[in-house]
Peer 1: 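Encoded as structure tokens, here's the structure I'll be asking about.
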Amino acid sequence: AFAGCQKLNDVQISAERVQFGEYAFTGCASLTAFEVNSSLVPAGMFYRCTNLAEVTLGSAVEAIHEFAFNGTKVSTFTVRDGNTALRVQSADYVISADETELVAVAPSVKGKFNASSIGNANVTKIGRGAFSHNLSVTSVELPAVTFVDAYAFGFYDTTRPNLRSALTSVSLGTLTNIGDYAFYGIMISQIPAYSSDVVFGKYAFSNTGITSVAMGDNMVLPEGLFADCSKLTTINVGNNVNIGDYAFSGCNNLAEATLG
């Protein structure tokens with residue numbers, strides 16, 4: 001809608017609610033603050049709005065999708081009174097009202113991120129794109145988490161291939177769901193612990209730093225699960241395993257594969 005409008009510095013919205021499309025304000029470098037009151041903050045809404053520092057979420061906002069604040073300097077989230085879906089305990093992250101889902105982590109957060117970072121809230125789910133806005137967190141330790149949604153950590157900009165998240169270490173609970181592109185482009189070297197009946201999403205570990213893969217019997221490895229993992233050298237999978245299209249495509253250093 002307004003992508004590339006670099007001089008746009010003030011947006012007045014008199015309507016009670018306005019729905020925006022993905023990447024609506026990409027590259028609007030003059031924006032410094034914004035209040036949004038659509039039910040969804042869509043993917044990439046403020047991508048590369050390099051001076052955006054403050055975001056107010058209106059009472060209607062229920063969800064935030066991937067990359068919405070990536071490339072900004074957002075350090076302050078505010079949630080309006082009357083919002084029953086979201087809340088903030090500290091200005092640099094958003095959680096669900098029931099404190100079970102981490103919804104968004106601000107780009108300004110750096111270094112280690114753990115339970116104390118979120119006031120010891122009982123977070124069991126990393127929401128869609130929660131860390132995709134942030135390139136400066138180096139490690140995440142949230143042992144109660146069992147569900148990692150789509151794009152939860154994933155970030156990779158094909159136009160800037162050398163731009164990577166600083167995240168290299170993730171320690172969570174035993175995962176039962178790992179969404180599409182959940183760790184895409186993140187240089188973790190090991191797969192986080194998962195249950196025997198885990199559901200993997202497409203391209204969940206694509207383009208990561210994983211070095212080896214060992215999977216048990218009766219697993220489903222969906223499309224592109226480990227595609228373009230350039231550091232992957234060995235795989236060992238059990239019996240009755242369903243390997244989807246491109247699951248290991250582009251793993252140029254894969255030297256040993258044991259199937260069954």
Side-chain angles (χ1 to χ4, degrees), residues 11 13 16-20 24-25 28 31-47 49-155 165-167 170 172 179:
V11 179
I13 301 175
E16 183 177 337
R17 235 182 248 195
V18 175
Q19 302 294 330
F20 292 102
F25 292 94
C28 292
L31 286 176
T32 58
F34 200 99
E35 178 165 354
V36 57
N37 199 35
S38 55
S39 59
L40 170 67
V41 180
M45 182 171 177
F46 299 104
Y47 185 54
C49 291
T50 51
N51 288 300
L52 184 67
E54 299 180 14
V55 173
T56 300
L57 304 172
S59 60
V61 180
E62 298 176 352
I64 299 170
H65 277 187
E66 62 275 7
F67 319 133
F69 307 110
N70 193 288
T72 72
K73 58 171 71 170
V74 171
S75 60
T76 302
F77 289 114
T78 303
V79 175
R80 289 290 189 196
D81 292 343
N83 188 314
T84 60
L86 307 176
R87 65 185 298 249
V88 293
Q89 289 179 311
S90 174
D92 53 11
Y93 67 88
V94 181
I95 61 173
S96 60
D98 64 4
E99 299 187 6
T100 62
E101 179 180 348
L102 181 60
V103 176
V105 176
S108 62
V109 178
K110 298 179 180 180
K112 297 179 179 179
F113 193 97
N114 53 35
S116 64
S117 304
I118 52 175
N120 294 307
N122 188 34
V123 168
T124 58
K125 178 180 179 180
I126 307 295
R128 178 166 177 152
F131 283 92
S132 71
H133 321 285
N134 181 292
L135 299 181
S136 300
V137 168
T138 56
S139 67
V140 174
E141 184 177 359
L142 295 170
V145 168
T146 59
F147 192 118
V148 175
D149 210 343
Y151 297 95
F153 298 96
F155 173 77
S165 167
L167 183 62
V170 176
L172 307 171

Peer 1: Between F67 and Y151, is the gap from one ring center to the other below 6.0 Å?
Peer 2: yes
Peer 1: I64 pairs by side chain to side chain contact (heavy atoms under 4.5 Å, CB included) with which of V55, L57, L40?
Peer 2: L57
Peer 1: Check A144 against N122 and note the closest heavy-atom contact, atom names and distance.
Peer 2: CB-OD1, 3.9 Å
Peer 1: Identify the two heavy atoms, one from S38 and one from V36, that lie closest to each other, and give their separation to 0.1 Å.
Peer 2: OG-CG2, 3.5 Å
Peer 1: Taking C-beta and beyond as the side chain, do D92 and T76 meet within less than 4.5 Å on heavy atoms?
Peer 2: no
Peer 1: Please give me the minimum heavy-atom distance between S96 and R87, naming the atom from each residue.
Peer 2: O-CG, 3.8 Å
Peer 1: Restricting to non-hydrogen atoms, name the atom on Q89 and the atom on A121 that form the minimum distance, rounded to 0.1 Å.
Peer 2: OE1-CB, 4.2 Å
Peer 1: Do F131 and I126 touch side chain to side chain, with heavy atoms closer than 4.5 Å?
Peer 2: yes
Peer 1: Counting distance only, does the side-chain N/O of N134 pair as donor-acceptor with the main-chain N or O of N70 below 3.5 Å?
Peer 2: no
Peer 1: Provide the closest heavy-atom pair for S75 versus A106 in the form atom of the first, atom of the second, distance.
Peer 2: CA-CB, 4.4 Å
Peer 1: Look at E66 together with R128 and state whether they make a salt bridge at an N to O cut-off of under 4.0 Å.
Peer 2: yes
Peer 1: Minimum heavy-atom separation for R80 and S59, please, with both atom names.
Peer 2: CB-N, 4.0 Å
Peer 1: Are V61 and N83 close enough, and set up right, to give a side-chain contact (heavy atoms from CB on, under 4.5 Å), and what steps lead you there?
Peer 2: CA-CA 7 Å; V61 180; N83 188 314; 4.1 Å; yes
Peer 1: Are the side chains of F113 and L102 in touch, meaning some heavy atoms are under 4.5 Å apart?
Peer 2: yes
Peer 1: Can you check whether I95 reaches E101 side chain to side chain, under 4.5 Å on heavy atoms?
Peer 2: no
Peer 1: Do P107 and K73 have side chains that approach each other closer than 4.5 Å (heavy atoms only, starting at C-beta)?
Peer 2: no
Peer 1: Before giving the answer on ring pair (Phe, Tyr, Trp, His ring centres under 6.0 Å), spell out for Y47 and F25 the whole-Å C-alpha distance, their side-chain angles and the decisive distance to 0.1 Å.
Peer 2: CA-CA 7 Å; Y47 185 54; F25 292 94; over 10 Å; no
Peer 1: V88: which residues meet the side chain to side chain contact (heavy atoms under 4.5 Å, CB included) condition with it, sequence neighbours left out?
Peer 2: F77, V79, V94
Peer 1: With a 4.5 Å limit on heavy-atom distance, are the side chains of V41 and F69 in contact?
Peer 2: yes
Peer 1: Hey, mind stepping through L172 and V148 against side-chain contact (heavy atoms from CB on, under 4.5 Å) and telling me if it holds?
Peer 2: CA-CA 9 Å; L172 307 171; V148 175; 3.7 Å; yes
Peer 1: Is D149 close to K125 at the side-chain level, that is, under 4.5 Å between some pair of heavy atoms?
Peer 2: yes
Peer 1: Yes or no on side-chain contact (heavy atoms from CB on, under 4.5 Å) for F153 and V170, after CA distance, side-chain angles and deciding distance?
Peer 2: CA-CA 10 Å; F153 298 96; V170 176; 4.2 Å; yes
Peer 1: Can you tell me how far the CZ atom of F34 sits from the CE atom of M45, to the nearest 0.5 Å?
Peer 2: 4.5 Å
Peer 1: Can you tell me how far the CG atom of L52 sits from the SG atom of C28, to the nearest 0.5 Å?
Peer 2: 10.0 Å
Peer 1: Find out whether L167 and V140 are in side-chain contact, i.e. whether some heavy atom of one side chain is under 4.5 Å from a heavy atom of the other.
Peer 2: yes
